[in-house]
Structures are given as structure tokens and as C-alpha cells.
Amino acid sequence: MWRRVASLSSSVSSSFLAQTASRLNTWESLTTGIAQQAKGVIAPKEKTPFITFVLGGPGSGKGTQCIKIVETFGFAHLSAGDLLRREIASKSADGAMILNTIKEGKIVPSQVTVKLIQKEMELSYNHKFLIDGFPRTEENRVSFERIIGVEPNVVLFFDCPEEEMVKRVLNRNEGRVDDNLETIKKRLTVFQALSLPVINYYSEKGKLYTIKAIGTEDEIFEQVRPIFAAFETVG
Ligand SMILES: Nc1ncnc2c1ncn2[C@@H]1O[C@H](COP(=O)(O)OP(=O)(O)OP(=O)(O)O)[C@@H](O)[C@H]1O
Ligand SMILES: Nc1ccn([C@H]2C[C@H](O)[C@@H](COP(=O)(O)O)O2)c(=O)n1
Ligand SMILES: [Mg+2]
């Protein structure tokens with residue numbers, strides 16, 4: 001795990017081991033890595049996290065490209081939207097509030113989202129994270145820096161025309177409560193007002209990589225690939 005390997009002990013339950021094993025990405029297999037770490041045989045792997053924020057409007061293709069980045073470069077994919085939808089499904093204390101916020105196309109309070117991301121990072125054996133759909137606001141950004149205490153190495157921005165985003169979202173067909181014209185319009189307004197300032201912030205910091213998010217999924221990935229390939233070469 002990125003931070004909490006040391007807390008694993010031989011008394012760790014098998015269901016916890018199974019859950020943790022399913023999170024293993026690039027490092028070790030279930031039978032060797034987890035079991036040996038649980039027994040304290042292998043020292044925890046301490047690596048500086050490599051963090052990529054993945055930004056872009058609704059339907060710009062963030063999730064689609066994250067899958068390809070994971071396959072090619074071995075990142076752990078943390079989608080803020082997926083984590084929030086999981087909270088709704090689990091009927092947690094914040095579930096109803098999150099559902100209403102998402103239906104309205106608004107942004108969930110940062111503390112809630114950052115805590116969910118933090119938990120996933122701590123549970124991961126990977127040190128390379130793709131944080132998809134986050135930060136959506138300046139408040140998100142500041143909250144992440146305050147709670148997690150790190151800044152991103154890379155910020156990807158999938159720049160897509162609005163009419164293409166609307167078309168993709170309306171065709172998505174995944175049963176999402178926010179995939180309807182009324183909510184999409186609100187999400188686009190929120191994106192312009194609250195998310196673009198974050199994108200500009202990272203542009204000024206020299207961390208922003210803008211991808212022209214039109215064309216086929218493979219064509220778009222060919223713009224993404226060299227960004228991560230360059231970091232792999234550096235080490
Ligand atoms: N290059 C592309 N051309 C056409 N359709 C695409 C392309 N990339 C993704 N799609 C489709 O568009 C829809 C939206 O893509 P995706 O879910 O990746 O967007 P997103 O940026 O993650 O959106 P959201 O912010 O709403 O989660 C999906 O149905 C996906 O299959
Ligand atoms: N940082 C975030 C990310 C997402 N949400 C909420 C609001 C979004 O409309 C919704 C869906 O996210 P997506 O799957 O499109 O990335 O989740 C948020 O409040 N804060
Ligand atoms: Mg998505």
C-alpha cells in the first residue's frame with residue numbers, strides 16, 4: 001500500500017486480503033506479495049507518489065482514456081465520480097446528499113470527495129495515480145493539497161467542443177442519473193465557471209497538457225501516449 005503497508009499484520013482477515021489483492025496493479029501477485037507483506041517478510045515499498053489529475057468537461061472522454069493509460073502505463077485509476085456513485089450505492093451517511101448534488105449537476109463538498117480519494121490512495125499498492133474528474137473546483141484543489149499534502153506531477157485536460165460532449169453523454173447509456181439534457185446543461189455551466197479556473201491555474205504552473213479530444217479513441221490516445229512515455233524515460 002502506498003502509505004499503510006506497515007499496518008498490515010498476520011491477523012489481517014482473508015476478506016481484507018482478497019479486497020486488497022484485487023487492487024494490486026503492477027507490483028506483486030496475490031500469493032507472493034500480499035501474503036508475504038502480511039507476514040512482514042517483505043519491507044514496505046516506499047515510493048514517492050506520481051499524481052496525474054485528469055480534467056475535461058462532461059463526456060470529453062476522461063474515463064475512456066484513463067482505461068488506456070492504465071493498460072499502457074500501469075497507473076491506478078481513481079475516478080472521483082465513480083467513488084461518489086459508490087457512496088450512493090452503499091447508502092452511506094453522505095449518499096443522499098451526494099445523489100442530490102449529482103442530479104443537480106453541482107459539486108459535492110470537497111472534504112467528502114478528498115476523503116474518498118485519500119482512502120483509495122492509502123489502500124493502493126500502486127504509487128502512480130490517475131485521479132479522474134478531480135479537482136473540479138478551486139476548493140477541490142486546495143482541499144486536496146491540504147489533506148493529501150502533495151501536488152500533481154501532470155494535469156491532463158481533454159478539450160472537447162460542447163456539442164460533441166453533449167452528443168457523447170446522451171449516447172452513453174450507462175444509466176447515470178446525470179446523463180440527461182437538463183443536468184448536462186448545468187454541468188457544462190459548472191465546468192465553465194468552476195473547473196476552467198483550475199485548468200488555467202495548472203497552465204500557469206506549467207503542469208497542463210491539453211489534448212484535442214476529438215477523433216477516434218485511439219487517435220486521442222496517440223496524443224496522450226508521449227506525455228507518459230516521456231516521464232517513463234526520465235525514470
Ligand atoms: N473519441 C471518442 N469518440 C466517440 N465517443 C467517445 C470517444 N471517447 C469516449 N467516447 C464515448 O463518450 C462517452 C463519454 O465518455 P467518457 O465516459 O469517457 O467521458 P468522461 O469525460 O469520463 O465523462 P464524465 O465526466 O461525464 O464522466 C462514452 O460513452 C464513451 O464511450
Ligand atoms: N470532483 C468531483 C467529481 C465529481 N463530482 C460529482 C459531480 C459530477 O457531475 C458527478 C459525476 O462525475 P464524473 O463521473 O462526470 O467525473 O460527480 C463532484 O462533485 N466532484
Ligand atoms: Mg467519467
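Just so it is clear, the structure is predicted and the values come from calculations on it, not from any experiment. Residue numbers start at 1 and run along the sequence shown. Read the numbers this way: they start at 1 and go in the same order the structure lists the ligands and their atoms.
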Margin query: Regarding atom 13 (P) of ligand 2: of the candidates K103, R136, K106, which has the closest heavy atom?
Written below: R136
Note to self: So is I102 touching ligand 2 or not, going by heavy atoms under 4.0 Å?
What the structure shows: yes
Next item on the list: Check ligand 2 against V108 and write out every atom of the ligand that is under 4.0 Å from a heavy-atom position of the residue.
Entry: 18 (C), 19 (O)
Note to self: Using heavy-atom distances only, which candidate in L84, V177, I184, L55 approaches atom 5 (N) of ligand 2 most closely?
What the structure shows: L84
Next item on the list: Consider ligand 1: state whether an atom of it lies below 4.0 angstrom from any non-hydrogen atom of G57.
Entry: yes
Check: So, does S60 sit close enough to ligand 1 that a heavy atom of it is under 4.0 Å from the ligand?
Finding: yes
Item checked: Main-chain N/O of D132 paired with K62 side-chain donor or acceptor, under 3.5 Å -> no
Note to self: Going by the closest heavy atom to atom 16 (P) of ligand 1, which one wins out of L170, N173, T216, T64?
What the structure shows: T64
Check: Counting only heavy atoms, which portion of E174 has something under 4.0 Å from ligand 1: side chain, backbone, both, or neither?
Finding: neither
Notebook entry, point to check: Hey, is the main chain of K212 close enough, under 3.5 Å, to the side chain of Q223 for a donor-acceptor pair?
Noted result: yes
Item checked: Cation-pi check, R136 onto F191 ring (under 6.0 Å, within 45° of axis) -> no
Next item on the list: With heavy atoms only and a cut-off of under 4.0 Å, state how D178 meets ligand 1: side chain, backbone, both or neither.
Entry: neither
Check: Checking side-chain hydrogen bond (donor to acceptor under 3.5 Å, both in side chains) against R176, which of D178, N173, N180 comes through?
Finding: D178
Margin query: Taking the ring of F75 and the ring of F228, is the distance between their centroids below 6.0 Å?
Written below: yes
Next item on the list: Run down the list M165, R187, R168 and name the one with the heavy atom closest to atom 6 (C) of ligand 1.
Entry: R168
Item checked: Residue from N100, I98, L116, N140 passing side chain to side chain contact (heavy atoms under 4.5 Å, CB included) with V108 -> I98
Item checked: I220 N/O under 3.5 Å from ligand 1 N/O -> no
Check: Quick check: does any side chain N or O of T183 sit under 3.5 Å from a backbone N or O of E104, one acting as donor and the other as acceptor?
Finding: no
Notebook entry, point to check: Does ligand 1 have any atom sitting under 4.0 Å from a heavy atom of G215?
Noted result: yes
Check: Which atoms of ligand 2 sit under 4.0 Å from any heavy atom of R85?
Finding: 11 (C), 14 (O)
Checklist line | Mutual orientation of the aromatic rings belonging to F73 and F221 [parallel < 30°, tilted 30-60°, perpendicular > 60°] | finding: tilted
Checklist line | Side chain, backbone, both or neither: N140 near ligand 2, heavy atoms under 4.0 Å | finding: side chain
